[in-house]
Amino acid sequence: GKDAYPRSMNMGYTVGAFAKTSLFGSRTGMTFGLNYLQAGAIDNAPLNPLYKETNVRLNYLQGEFYFSSDIKFIELCGGLYLNSALSGKKSITKADGTTSSSDIKFGIYSENGDEMHRTDFGYTLKTIVNISKLKLILGYYKGFDNISTVVEENVQNKVFTAAIAFPIF
């Protein structure tokens with residue numbers, strides 16, 4: 001099996017739009033969303049012993065689809081997402097304190113120097129609190145598959161979100 005190494009979160013942001021429709025009355029809904037998502041991680045134990053830390057930041061175009069159920073002013077949601085990487089950057093801090101950065105190479109073969117798969121597919125869970133027209137959102141996205149092309153490494157997207165949303169139509 002592949003090993004998982006200690007990582008910490010790297011703060012990012014999400015900008016997007018959603019369209020919701022009601023199903024089976026007003027308590028159940030189906031939502032489609034399109035987002036620009038920035039995510040990343042800080043690897044505190046890189047595979048290369050000469051590195052002290054690796055900081056990765058990925059920019060995705062994300063499509064998501066989920067069902068929701070309304071309980072008074074709270075919506076409980078669950079569904080799927082599909083990410084396509086637009087770009088990525090990594091910054092490496094070596095043991096001697098020097099830092100270098102480079103673009104991430106997307107593809108499927110580590111033999112070609114590819115570092116990460118371009119696409120990611122997973123599930124999403126959200127809780128939405130509706131206060132008048134304002135929505136407070138807590139969400140979790142978890143990838144199903146390894147996005148790294150490096151054999152010794154197991155990297156799955158795990159994204160926690162806190163958001164504020166409001167309807168424009």
Side-chain angles (χ1 to χ4, degrees), residues 1-18 31-66 77-129 134-166:
K2 296 181 182 182
D3 295 324
Y5 296 94
R7 289 184 178 83
S8 55
M9 289 189 300
N10 196 341
M11 296 291 285
Y13 60 89
T14 302
V15 177
F18 294 89
T31 302
F32 299 93
L34 187 62
N35 303 311
Y36 175 82
L37 168 72
Q38 185 184 76
I42 300 170
D43 189 344
N44 299 311
L47 293 174
N48 187 329
L50 300 177
Y51 296 166
K52 179 180 174 187
E53 179 181 275
T54 303
N55 187 331
V56 175
R57 186 156 309 266
L58 301 170
N59 299 302
Y60 287 110
L61 181 62
Q62 179 188 67
E64 65 179 311
F65 160 79
Y66 57 86
C77 312
L80 300 171
Y81 74 85
L82 178 65
N83 285 341
S84 180
L86 301 172
S87 64
K89 221 173 215 355
K90 69 178 175 186
S91 173
I92 297 169
T93 303
K94 295 181 181 173
D96 66 4
T98 59
T99 303
S100 64
S101 66
S102 63
D103 292 334
I104 290 177
K105 186 173 178 193
F106 293 100
I108 58 173
Y109 300 110
S110 60
E111 298 83 26
N112 294 343
D114 298 338
E115 300 169 287
M116 299 216 166
H117 297 283
R118 185 167 296 280
T119 58
D120 176 43
F121 179 64
Y123 68 88
T124 180
L125 301 171
K126 292 183 181 184
T127 300
I128 302 172
V129 178
L134 188 69
K135 294 180 179 287
L136 304 176
I137 304 168
L138 290 177
Y140 177 67
Y141 298 87
K142 171 86 165 68
F144 289 134
D145 203 7
N146 184 6
I147 61 171
S148 174
T149 60
V150 181
V151 174
E152 301 85 22
E153 198 172 20
N154 185 19
V155 179
Q156 292 178 301
N157 273 327
K158 293 178 209 146
V159 177
F160 294 95
T161 61
I164 297 174
F166 57 93

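Contact between Val159 and Ala39 at its shortest, heavy atoms only, is CG2-CB, 4.2 Å. Scanning both residues, Ser91 and Thr99, for their nearest heavy atoms gives OG-CG2, 3.4 Å. Contact between Val56 and Lys90 at its shortest, heavy atoms only, is CG2-CB, 4.2 Å. Here the closest heavy-atom approach between residue Gln62 and residue Leu37 is recorded as NE2-CD2, 3.8 Å. Taking both residues in full, the closest heavy atoms of Gly33 and Phe18 are given as CA-CD2, 3.4 Å, listed atom of the first, atom of the second, then distance. Taking each heavy atom of Ala17 and Asn35 in turn, the nearest pair found is N-OD1, 4.2 Å.
The number of heavy-atom neighbours closer than 6.0 Å to NZ of Lys94, taken from other residues, nucleotides and ligands shown, is 12 or below.
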Apply side chain to side chain contact (heavy atoms under 4.5 Å, CB included) to the pair Glu64 and Lys126, showing each step before the final yes or no. CA-CA 12 Å; Glu64 65 179 311; Lys126 292 183 181 184; 3.3 Å; yes
Apply side chain to side chain contact (heavy atoms under 4.5 Å, CB included) to the pair Tyr140 and Tyr123, showing each step before the final yes or no. CA-CA 8 Å; Tyr140 177 67; Tyr123 68 88; 3.8 Å; yes
Could you check Leu136 against Ile164 for side chain to side chain contact (heavy atoms under 4.5 Å, CB included), going step by step and ending with a plain yes or no? CA-CA 5 Å; Leu136 304 176; Ile164 297 174; 3.9 Å; yes
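Between atom CG of residue Leu61 and atom OG of residue Ser84 there is a gap of 6.5 Å, rounded to the nearest 0.5 Å. In this structure, CG in Leu58 is found 9.5 Å from CG in Asp120, a value given to the nearest 0.5 Å. With rounding to the nearest 0.5 Å, the separation of OG1 in Thr149 from CZ in Phe106 is 10.5 Å. In this structure, the separation between NZ on Lys158 and NZ on Lys142 is 5.0 Å, given to the nearest 0.5 Å. If you take OG on Ser102 and CD1 on Ile92, they are separated by 6.0 Å, rounding to the nearest 0.5 Å.
In terms of modelled atom types and a separation under 3.5 Å, the side chain of Gln38 and the main chain of Asn59 share no donor-acceptor contact. Between the side chain of Arg118 and the main chain of Ala85, a donor-acceptor pair closer than 3.5 Å is present.
Within the 4.5 Å cutoff, no side-chain heavy atoms of Phe121 are placed close to those of Asp145.
The aromatic rings of Tyr141 and Tyr81 sit perpendicular to each other, their planes meeting at more than 60°, with 30° as the lower class boundary.
Defined by atom type and a distance below 3.5 Å, a donor-acceptor pair is present between the side-chain atoms of Asn157 and Tyr60.
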